[in-house]
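Inspection log for the structure reproduced underneath, given as C-alpha coordinates.
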2 protein chains.
Amino acid sequence: MTKQRVIVFNTVKALGSHPTAFEIFERVRKELPGVSLSTVYRNLSILVDQGDILTVRGIGQEVHYDHNLHDHYHVQCRICGKVSDIHTDFIIPSCINPNNEEGYIIEDMLITLIGVCPECANRMKVEDEDA
Amino acid sequence: MTKQRVIVFNTVKALGSHPTAFEIFERVRKELPGVSLSTVYRNLSILVDQGDILTVRGIGQEVHYDHNLHDHYHVQCRICGKVSDIHTDFIIPSCINPNNEEGYIIEDMLITLIGVCPECANRMKVEDEDA
DNA sequence: CATTATATTCGGAATAGTTCCGATTACGAA
DNA sequence: TTCGTAATCGGAACTATTCCGAATATAATG
Ligand SMILES: [Mn+2]
Ligand SMILES: [Mn+2]
Ligand SMILES: [Zn+2]
Ligand SMILES: [Zn+2]
(Lines give C-alpha, C1' and ligand atoms only; values in the text may rest on other atoms or scores of the structure.)
(Ligands and ions follow the chains in the order given, each with its own letter.)
Protein backbone atom coordinates (compact mmCIF):
# COMPACT_ATOMS: atom_id res chain seq x y z
CA MET A 1 0.00 0.00 0.00
CA THR A 2 1.74 3.14 -1.19
CA LYS A 3 0.77 6.58 0.06
CA GLN A 4 -1.03 7.23 -3.24
CA ARG A 5 -3.03 4.00 -3.07
CA VAL A 6 -4.16 4.69 0.49
CA ILE A 7 -5.30 8.18 -0.45
CA VAL A 8 -7.16 6.93 -3.54
CA PHE A 9 -8.93 4.35 -1.39
CA ASN A 10 -9.82 6.84 1.32
CA THR A 11 -11.05 9.29 -1.27
CA VAL A 12 -13.45 6.76 -2.78
CA LYS A 13 -14.76 6.16 0.73
CA ALA A 14 -14.90 9.88 1.56
CA LEU A 15 -16.72 10.84 -1.62
CA GLY A 16 -19.25 8.07 -1.20
CA SER A 17 -21.32 9.21 -4.18
CA HIS A 18 -20.17 6.68 -6.79
CA PRO A 19 -17.53 9.02 -8.21
CA THR A 20 -15.85 8.64 -11.59
CA ALA A 21 -12.09 8.26 -11.97
CA PHE A 22 -11.75 11.92 -12.86
CA GLU A 23 -13.77 13.07 -9.86
CA ILE A 24 -11.54 10.94 -7.64
CA PHE A 25 -8.46 12.39 -9.34
CA GLU A 26 -9.61 15.96 -8.69
CA ARG A 27 -10.17 15.24 -5.01
CA VAL A 28 -6.96 13.26 -4.49
CA ARG A 29 -5.10 16.18 -6.08
CA LYS A 30 -6.08 18.46 -3.19
CA GLU A 31 -4.25 16.25 -0.75
CA LEU A 32 -1.49 15.20 -3.13
CA PRO A 33 -1.06 18.01 -5.68
CA GLY A 34 1.47 16.17 -7.84
CA VAL A 35 -0.52 12.99 -8.35
CA SER A 36 -1.03 11.86 -11.92
CA LEU A 37 -4.25 10.65 -13.48
CA SER A 38 -2.57 7.41 -14.50
CA THR A 39 -1.69 6.70 -10.87
CA VAL A 40 -5.31 7.17 -9.90
CA TYR A 41 -6.45 4.81 -12.68
CA ARG A 42 -3.84 2.18 -11.83
CA ASN A 43 -4.66 2.20 -8.14
CA LEU A 44 -8.40 2.12 -8.76
CA SER A 45 -7.92 -0.93 -10.91
CA ILE A 46 -5.75 -2.62 -8.26
CA LEU A 47 -8.32 -1.83 -5.57
CA VAL A 48 -11.04 -3.33 -7.76
CA ASP A 49 -8.96 -6.46 -8.39
CA GLN A 50 -8.33 -6.83 -4.67
CA GLY A 51 -12.04 -6.50 -3.97
CA ASP A 52 -11.63 -3.33 -1.90
CA ILE A 53 -13.99 -1.33 -4.10
CA LEU A 54 -16.58 -2.10 -6.80
CA THR A 55 -17.33 -0.65 -10.20
CA VAL A 56 -20.72 0.52 -11.35
CA ARG A 57 -21.61 0.98 -15.01
CA GLY A 58 -24.59 2.68 -16.53
CA ILE A 59 -25.35 4.70 -19.61
CA GLY A 60 -22.29 6.34 -21.08
CA GLN A 61 -18.77 5.13 -20.96
CA GLU A 62 -17.42 6.28 -17.61
CA VAL A 63 -16.97 3.84 -14.79
CA HIS A 64 -18.21 4.79 -11.34
CA TYR A 65 -16.52 3.45 -8.20
CA ASP A 66 -18.22 2.30 -5.01
CA HIS A 67 -16.71 1.74 -1.57
CA ASN A 68 -19.86 -0.03 -0.38
CA LEU A 69 -19.25 -3.75 -0.74
CA HIS A 70 -22.66 -4.81 0.52
CA ASP A 71 -25.08 -6.39 -1.89
CA HIS A 72 -27.05 -3.47 -3.22
CA TYR A 73 -28.25 -2.01 -6.50
CA HIS A 74 -27.97 1.25 -8.38
CA VAL A 75 -30.06 3.63 -10.37
CA GLN A 76 -28.67 6.19 -12.79
CA CYS A 77 -30.45 9.35 -13.87
CA ARG A 78 -30.51 9.45 -17.66
CA ILE A 79 -30.60 13.28 -17.58
CA CYS A 80 -27.75 14.22 -15.24
CA GLY A 81 -25.90 10.88 -15.08
CA LYS A 82 -25.89 10.72 -11.28
CA VAL A 83 -25.65 7.24 -9.76
CA SER A 84 -27.45 6.43 -6.49
CA ASP A 85 -28.04 3.36 -4.40
CA ILE A 86 -31.62 2.25 -4.70
CA HIS A 87 -33.95 0.81 -2.12
CA THR A 88 -37.06 -0.66 -3.64
CA ASP A 89 -39.43 -3.36 -2.49
CA PHE A 90 -38.66 -5.09 -5.72
CA ILE A 91 -36.28 -7.90 -4.79
CA ILE A 92 -33.56 -8.66 -7.26
CA PRO A 93 -32.23 -12.17 -6.76
CA SER A 94 -28.54 -12.02 -6.06
CA CYS A 95 -27.64 -15.63 -6.66
CA ILE A 96 -27.38 -16.93 -10.16
CA ASN A 97 -28.16 -20.40 -11.28
CA PRO A 98 -25.11 -21.30 -13.31
CA ASN A 99 -26.98 -23.70 -15.59
CA ASN A 100 -27.60 -22.21 -18.98
CA GLU A 101 -27.99 -23.67 -22.45
CA GLU A 102 -25.09 -21.63 -23.75
CA GLY A 103 -22.54 -23.30 -21.48
CA TYR A 104 -21.17 -20.10 -19.98
CA ILE A 105 -19.48 -20.09 -16.60
CA ILE A 106 -21.36 -17.22 -14.99
CA GLU A 107 -19.40 -15.17 -12.51
CA ASP A 108 -21.19 -11.89 -12.07
CA MET A 109 -24.27 -9.88 -12.91
CA LEU A 110 -24.32 -6.21 -13.87
CA ILE A 111 -27.57 -4.53 -12.90
CA THR A 112 -28.31 -0.84 -13.14
CA LEU A 113 -31.73 0.74 -13.20
CA ILE A 114 -32.19 3.76 -15.44
CA GLY A 115 -34.57 6.58 -14.71
CA VAL A 116 -34.96 10.23 -13.80
CA CYS A 117 -33.84 11.57 -10.42
CA PRO A 118 -36.19 13.77 -8.35
CA GLU A 119 -34.12 16.90 -9.01
CA CYS A 120 -34.19 16.45 -12.78
CA ALA A 121 -37.86 15.49 -12.74
CA ASN A 122 -38.62 18.69 -10.84
CA ARG A 123 -36.49 20.86 -13.10
CA MET A 124 -38.24 19.42 -16.16
CA LYS A 125 -41.66 20.10 -14.60
CA VAL A 126 -40.75 23.74 -13.89
CA GLU A 127 -39.43 24.20 -17.44
CA ASP A 128 -42.69 22.81 -18.84
CA GLU A 129 -44.74 25.21 -16.73
CA ASP A 130 -42.65 28.18 -17.87
CA ALA A 131 -43.11 27.27 -21.54
CA MET B 1 -35.82 5.93 -44.29
CA THR B 2 -32.84 6.68 -46.46
CA LYS B 3 -30.95 3.98 -48.32
CA GLN B 4 -28.19 4.13 -45.69
CA ARG B 5 -30.59 3.74 -42.77
CA VAL B 6 -32.30 0.74 -44.34
CA ILE B 7 -28.96 -0.94 -44.92
CA VAL B 8 -27.77 -0.24 -41.37
CA PHE B 9 -30.99 -1.72 -40.02
CA ASN B 10 -30.78 -4.80 -42.25
CA THR B 11 -27.16 -5.28 -41.31
CA VAL B 12 -27.93 -5.33 -37.60
CA LYS B 13 -30.57 -7.97 -38.35
CA ALA B 14 -28.27 -9.93 -40.66
CA LEU B 15 -25.33 -9.97 -38.24
CA GLY B 16 -27.54 -11.04 -35.38
CA SER B 17 -24.61 -11.46 -33.01
CA HIS B 18 -24.91 -8.23 -30.99
CA PRO B 19 -22.41 -6.36 -33.17
CA THR B 20 -20.65 -3.15 -32.21
CA ALA B 21 -20.97 0.05 -34.25
CA PHE B 22 -17.64 -0.63 -35.90
CA GLU B 23 -18.55 -4.19 -36.84
CA ILE B 24 -21.76 -2.89 -38.38
CA PHE B 25 -19.79 -0.20 -40.22
CA GLU B 26 -17.40 -2.77 -41.71
CA ARG B 27 -20.28 -4.90 -42.95
CA VAL B 28 -22.35 -1.99 -44.30
CA ARG B 29 -19.26 -0.86 -46.18
CA LYS B 30 -19.31 -4.00 -48.33
CA GLU B 31 -22.72 -3.08 -49.67
CA LEU B 32 -22.16 0.67 -49.62
CA PRO B 33 -18.42 1.27 -50.02
CA GLY B 34 -18.59 5.04 -49.50
CA VAL B 35 -20.55 5.02 -46.25
CA SER B 36 -19.05 6.97 -43.37
CA LEU B 37 -18.74 5.83 -39.79
CA SER B 38 -20.66 8.89 -38.62
CA THR B 39 -23.60 7.90 -40.80
CA VAL B 40 -23.63 4.46 -39.21
CA TYR B 41 -23.55 5.98 -35.72
CA ARG B 42 -26.28 8.51 -36.50
CA ASN B 43 -28.58 5.91 -37.99
CA LEU B 44 -27.98 3.44 -35.17
CA SER B 45 -28.95 6.11 -32.71
CA ILE B 46 -32.07 7.00 -34.70
CA LEU B 47 -33.04 3.31 -34.90
CA VAL B 48 -32.57 2.99 -31.13
CA ASP B 49 -34.70 6.10 -30.50
CA GLN B 50 -37.42 4.73 -32.76
CA GLY B 51 -37.37 1.43 -30.90
CA ASP B 52 -36.31 -0.57 -33.96
CA ILE B 53 -33.20 -1.95 -32.27
CA LEU B 54 -31.85 -2.19 -28.71
CA THR B 55 -28.49 -1.51 -27.12
CA VAL B 56 -26.60 -3.92 -24.89
CA ARG B 57 -23.82 -2.84 -22.56
CA GLY B 58 -21.32 -4.93 -20.69
CA ILE B 59 -17.74 -4.66 -19.59
CA GLY B 60 -15.76 -2.26 -21.70
CA GLN B 61 -16.96 0.86 -23.35
CA GLU B 62 -18.41 -0.23 -26.66
CA VAL B 63 -22.14 -0.48 -27.19
CA HIS B 64 -23.55 -3.62 -28.80
CA TYR B 65 -26.72 -3.51 -30.89
CA ASP B 66 -29.52 -6.05 -30.92
CA HIS B 67 -32.29 -6.53 -33.49
CA ASN B 68 -34.17 -8.89 -31.16
CA LEU B 69 -36.81 -6.81 -29.41
CA HIS B 70 -38.18 -9.64 -27.30
CA ASP B 71 -37.61 -9.59 -23.57
CA HIS B 72 -34.38 -11.49 -23.12
CA TYR B 73 -31.07 -11.23 -21.33
CA HIS B 74 -27.41 -11.25 -22.22
CA VAL B 75 -24.15 -12.71 -21.04
CA GLN B 76 -20.75 -11.33 -21.98
CA CYS B 77 -17.51 -13.29 -21.90
CA ARG B 78 -14.99 -11.36 -19.83
CA ILE B 79 -12.14 -12.91 -21.86
CA CYS B 80 -13.15 -12.32 -25.49
CA GLY B 81 -15.93 -9.77 -25.01
CA LYS B 82 -18.50 -11.71 -27.01
CA VAL B 83 -22.14 -11.03 -26.13
CA SER B 84 -24.74 -13.82 -26.34
CA ASP B 85 -28.38 -14.21 -25.48
CA ILE B 86 -28.75 -16.36 -22.40
CA HIS B 87 -31.33 -18.95 -21.54
CA THR B 88 -31.22 -19.98 -17.91
CA ASP B 89 -33.81 -21.40 -15.59
CA PHE B 90 -33.08 -18.43 -13.38
CA ILE B 91 -35.98 -16.06 -13.94
CA ILE B 92 -35.19 -12.38 -13.93
CA PRO B 93 -38.27 -10.32 -13.19
CA SER B 94 -38.90 -7.97 -16.06
CA CYS B 95 -41.30 -5.58 -14.41
CA ILE B 96 -40.03 -3.04 -11.96
CA ASN B 97 -41.90 -1.72 -8.99
CA PRO B 98 -41.50 2.03 -9.41
CA ASN B 99 -41.72 2.73 -5.69
CA ASN B 100 -38.35 3.50 -4.21
CA GLU B 101 -37.21 5.60 -1.28
CA GLU B 102 -35.02 7.71 -3.51
CA GLY B 103 -37.94 9.08 -5.53
CA TYR B 104 -36.59 8.11 -8.93
CA ILE B 105 -38.90 7.60 -11.88
CA ILE B 106 -37.63 4.23 -13.08
CA GLU B 107 -37.82 3.63 -16.79
CA ASP B 108 -35.48 0.81 -17.62
CA MET B 109 -33.17 -1.84 -16.24
CA LEU B 110 -29.78 -2.75 -17.63
CA ILE B 111 -28.88 -6.36 -16.94
CA THR B 112 -25.88 -8.21 -18.29
CA LEU B 113 -24.39 -11.37 -16.87
CA ILE B 114 -20.61 -11.68 -16.97
CA GLY B 115 -18.74 -14.94 -17.31
CA VAL B 116 -16.56 -17.09 -19.51
CA CYS B 117 -17.80 -18.52 -22.79
CA PRO B 118 -17.30 -22.23 -23.56
CA GLU B 119 -14.65 -21.49 -26.21
CA CYS B 120 -12.54 -19.37 -23.87
CA ALA B 121 -13.03 -21.83 -21.01
CA ASN B 122 -11.76 -24.60 -23.27
CA ARG B 123 -8.83 -22.60 -24.58
CA MET B 124 -7.78 -21.80 -21.00
CA LYS B 125 -8.02 -25.46 -20.03
CA VAL B 126 -5.79 -26.50 -22.96
CA GLU B 127 -3.25 -23.79 -22.10
CA ASP B 128 -3.13 -25.02 -18.51
CA GLU B 129 -2.52 -28.59 -19.64
CA ASP B 130 0.32 -27.48 -21.94
CA ALA B 131 2.02 -25.57 -19.17
C1' DC C 1 -39.11 21.40 -65.42
C1' DA C 2 -36.71 24.77 -62.34
C1' DT C 3 -36.31 26.48 -57.73
C1' DT C 4 -36.17 26.30 -53.11
C1' DA C 5 -36.15 24.22 -48.55
C1' DT C 6 -34.99 20.51 -45.67
C1' DA C 7 -32.76 16.42 -44.34
C1' DT C 8 -28.96 13.55 -44.81
C1' DT C 9 -24.47 12.42 -46.08
C1' DC C 10 -19.36 12.40 -46.03
C1' DG C 11 -14.95 13.25 -44.15
C1' DG C 12 -12.44 14.56 -40.76
C1' DA C 13 -11.59 17.04 -36.49
C1' DA C 14 -12.66 17.06 -31.76
C1' DT C 15 -13.81 15.02 -27.39
C1' DA C 16 -14.00 11.73 -23.52
C1' DG C 17 -12.46 7.98 -21.08
C1' DT C 18 -8.92 4.99 -20.51
C1' DT C 19 -4.53 2.53 -21.18
C1' DC C 20 0.20 2.36 -22.17
C1' DC C 21 5.13 3.55 -22.01
C1' DG C 22 9.68 5.36 -20.90
C1' DA C 23 12.31 7.70 -17.63
C1' DT C 24 12.66 8.63 -12.86
C1' DT C 25 12.03 7.81 -8.05
C1' DA C 26 10.82 5.36 -3.68
C1' DC C 27 11.28 1.28 -0.93
C1' DG C 28 13.09 -3.04 1.01
C1' DA C 29 16.20 -6.76 1.24
C1' DA C 30 20.85 -8.38 1.21
C1' DT D 1 25.45 1.00 0.68
C1' DT D 2 24.01 -1.48 -3.26
C1' DC D 3 20.87 -3.74 -5.80
C1' DG D 4 16.35 -5.12 -7.53
C1' DT D 5 11.63 -4.43 -7.69
C1' DA D 6 7.59 -1.83 -7.72
C1' DA D 7 5.32 2.45 -8.17
C1' DT D 8 5.14 7.11 -9.89
C1' DC D 9 4.81 10.95 -13.22
C1' DG D 10 3.90 12.97 -17.55
C1' DG D 11 2.41 12.58 -21.69
C1' DA D 12 1.47 10.04 -25.88
C1' DA D 13 -1.52 6.71 -27.79
C1' DC D 14 -5.72 4.38 -28.22
C1' DT D 15 -10.81 3.51 -28.57
C1' DA D 16 -15.39 4.75 -28.90
C1' DT D 17 -18.18 8.30 -29.90
C1' DT D 18 -19.87 12.93 -31.14
C1' DC D 19 -19.65 17.08 -33.62
C1' DC D 20 -19.18 20.17 -37.57
C1' DG D 21 -19.02 22.27 -42.14
C1' DA D 22 -19.46 21.61 -46.87
C1' DA D 23 -21.55 18.86 -50.35
C1' DT D 24 -25.41 16.16 -51.87
C1' DA D 25 -29.81 14.01 -52.07
C1' DT D 26 -34.77 14.34 -51.51
C1' DA D 27 -39.18 16.50 -51.52
C1' DA D 28 -42.25 20.08 -52.12
C1' DT D 29 -43.62 24.11 -54.60
C1' DG D 30 -44.29 27.38 -58.38
MN1 LIG E 1 -23.53 1.91 -4.18
MN1 LIG F 1 -29.97 -10.36 -27.74
ZN1 LIG G 1 -30.77 13.77 -12.61
ZN1 LIG H 1 -14.95 -15.87 -24.72
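So that the names make sense, note that chain A is the first sequence line, chain B the second, and so on, each numbered from 1.
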inquiry  = At less than 4.0 Å, is any side-chain N or O atom of B/Gln4 found next to OP1 or OP2 of C/dC10? Yes or no.
reply    = yes
task = Ignoring backbone atoms, establish whether B/Tyr41 has a side-chain N or O less than 4.0 Å from OP1 or OP2 of D/dT17.
result = yes
inquiry  = If I take atom CD1 in residue A/Ile7 and atom P in nucleotide D/dC9, what distance separates them, rounded to the nearest angstrom?
reply    = 10 Å
Separation of atom CE in A/Met1 from atom P in D/dA7, rounded to whole Å = 11 Å
query = Are any non-hydrogen side-chain atoms of B/Thr55 and B/Tyr65 less than 4.5 angstrom apart?
reply = yes
request  = Classify the side chain of A/Ser36 and the base of D/dG11 as holding, or not holding, a donor-acceptor pair under 3.5 Å.
outcome  = no
ask   = Taking atom P of D/dT8 as reference, at what distance in whole Å does atom CD1 of A/Ile46 sit?
value = 7 Å
query = Do the ring planes of B/Phe25 and B/Phe22 sit parallel (below 30°), tilted (30 to 60°) or perpendicular (above 60°)?
reply = tilted
task = Write down the distance between CZ (B/Phe25) and C1' (D/dT15), rounded to a whole number of angstrom.
result = 15 Å
note = Output for pair (B/Ile114 CD1, B/Ile59 CD1), nearest 0.5 Å, gives 4.0 Å
ask   = Starting at CD of A/Glu62 and ending at P of D/dA16, how long is that distance when rounded to a whole Å?
value = 16 Å
request  = In whole angstrom, give the distance that lies between atom CZ of A/Phe22 and atom P of C/dG17.
outcome  = 9 Å
Sugar-phosphate, base or nothing in reach of A/Gly34, heavy atoms under 4.0 Å = sugar-phosphate
ask   = Roughly how many Å is it from CZ in B/Arg42 to C1' in C/dG12, rounded to a whole number?
value = 14 Å
query = Would A/Leu69 end up clustered with A/Leu110 when hydrophobic side chains under 4.5 Å apart are linked, directly or stepwise?
reply = no
B/Asn68-B/His18 side chain donor-acceptor pair, cut-off 3.5 Å = no
remark   = The answer to which of B/Ser38 and A/Thr39 contacts DNA chain D further toward the 5' end, by nearest nucleotide, is A/Thr39
inquiry  = C/dA26, OP1 or OP2 - any side-chain N/O from A/Thr2 closer than 4.0 Å?
reply    = no
key: Whole angstrom value for the distance that separates P of D/dG10 from CG of A/Leu32   = 11 Å
message = Closest-nucleotide mapping onto DNA chain D: is A/Val35 or B/Leu37 further toward the 5' terminus? I mean the 5' end.
response = A/Val35
inquiry  = Does B/Arg5 reach a base, just sugar-phosphate, or nothing at all? Heavy atoms under 4.0 Å.
reply    = sugar-phosphate
